[in-house]
Protein chains: 2
Amino acid sequence: MAAIKYSRQREAIKDYLMNTKQHPTADTVYLDIRKNYPNISLGTVYRNLNLLSEQGEILKINCRDGCDRFDGNPEPHYHFICKICGRVLDLEMEQIDHINVIAGAGFPGVIEGHVTYFYGTCSKCIPIN
Amino acid sequence: MAAIKYSRQREAIKDYLMNTKQHPTADTVYLDIRKNYPNISLGTVYRNLNLLSEQGEILKINCRDGCDRFDGNPEPHYHFICKICGRVLDLEMEQIDHINVIAGAGFPGVIEGHVTYFYGTCSKCIPIN
DNA sequence: ATGATATATAATAATAATTACTATTATTGT
DNA sequence: ACAATAATAGTAATTATTATTATATATCAT
């Protein structure tokens, strides 16, 4: 039960995320979607972003710069956060699941996964000297 | 300038963190410190937790279960978060800084570090079968 | 010890991100 | 087309955190 019904708002949100390389916050999604759907509500954006990430159709990124960000690519991958400009970039690297084994050695519980993000200075923010 | 002056409230917060293996939230610190300092203010707790972590005397953990947690051990180390009970545990493992190199290969910016936490089921939450 | 100066505090208000509520609207199965 | 149910817009409420301000406390020079 609790069948999911189609809504054009949700469709628009998913389309928007699938067509951007940015990793927008809920508020950015709201402001941009509003250009096509002037009456969309911020609550609708939040509800659908959470629903889509629960369904595994998008990723919710807890980059902890205050608010969550969203990624239209649901495949597990790593992110880089620039300390200077705050941008979130995709990293092209293999999965590093061997760190789960390192962490699990001597740990009495079960390690199921890890959350990792890398930080530093992005190419646009490196001063030219 | 902006010299730091001693305060017994800050001392109590540091003592409290150094004597617990838990990773309390600001609110938990507040509630516990209040047993000895009934008039302490939540704002004071937040200000001192931030000050201490800026000074490198404690760690602020962004485990992203909604709120920040604090660790009296300022040495860099990794944390495990139990999906069932939500507890945050210290992991005894070496630093895995080689993942910065993996991430940096082919990345045009500079990787300076990473934030990682592991999740799964802690020993107390593993069902006995 | 005394007083001047600067920092810290308690109490409260304000902010930011997110979630909850509710009457209305849209979708879906028959 | 109709009934049942989920989704929406608009608004209010919640949660974690930061800002404000008058008062209290610590520190430093005398």
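Below, all heavy atoms of this structure are taken into account, side chains as well, without hydrogens, waters or symmetry copies.
Of the candidates D:dA9, D:dA7, C:dA10, the closest approach to any side-chain atom of A:I40 belongs to D:dA9. Relative to the side chain of B:R8, the nucleotides D:dA9, D:dT17, D:dA26 differ in distance, and D:dA26 lies closest. When distances are taken from the side chain of B:C67 to each of C:dT28, C:dT18, D:dT17, the shortest belongs to D:dT17.
Atom CG in B:L42 sits roughly 13 Å away from atom C1' in C:dA13 (whole-Å rounding). Rounding to whole angstrom units, CZ of residue A:R47 and C1' of C:dA26 are separated by 13 Å. Separating the CD1 atom of B:I13 from the C1' atom of C:dT9 is a distance of 11 Å, rounded to the nearest angstrom. Following rounding to the nearest Å, A:N50 (CG) and C:dT18 (P) show an atom-to-atom distance of 9 Å. The CG atom of A:N62 sits 13 Å away from the C1' atom of C:dA17 (whole-angstrom rounding). Rounded to whole Å, the distance from CD on A:Q9 to C1' on D:dA6 is 12 Å. One interatomic measurement links the two molecules: CD1 of A:I4 to P of C:dA26, which rounds to 20 Å at whole-angstrom precision. Between the CG atom of B:D27 and the P atom of D:dT15 there is a distance of 11 Å, rounded to whole Å.
DNA chain D is contacted by both A:Y6 and B:Y6; A:Y6 maps to the nucleotide lying nearer its 5′ end (nearest heavy atom per residue). The residue among A:L51 and A:P38 whose nearest nucleotide of DNA chain D lies closer to the 5′ end is A:L51.
Neither OP1 nor OP2 of D:dT18 sits under 4.0 Å from any side-chain N or O of B:Y46. A close approach under 4.0 Å does not occur between any side-chain nitrogen or oxygen of B:S41 and OP1 or OP2 of C:dT9. Listed pair B:N48 / C:dT9 meets the phosphate criterion, a side-chain N or O lying under 4.0 Å from OP1 or OP2.
A heavy-atom distance below 4.5 Å is found between the side chains of A:I4 and A:L51. Contact check for B:T116 versus B:Y78: side-chain heavy atoms found under the 4.5 Å cut-off. In this structure, the side chains of A:R34 and A:L31 come closer than 4.5 Å at one or more pairs of heavy atoms.
In terms of polar N and O atoms assigned as donor or acceptor, the side chain of B:K5 comes within less than 3.5 Å of the base of C:dA6 in a complementary pairing.
Within 4.0 Å of B:R10, counting heavy atoms only, lie sugar-phosphate atoms of the nucleic acid but no base atom. Residue B:T44 is classed as a base contact, given a heavy-atom separation below 4.0 Å to a base.
No side-chain N or O of A:N73 forms a donor-acceptor pair with one of A:D90 less than 3.5 Å apart.
In terms of modelled atom types and a separation under 3.5 Å, the side chain of A:H23 and the main chain of A:V88 share a donor-acceptor contact.
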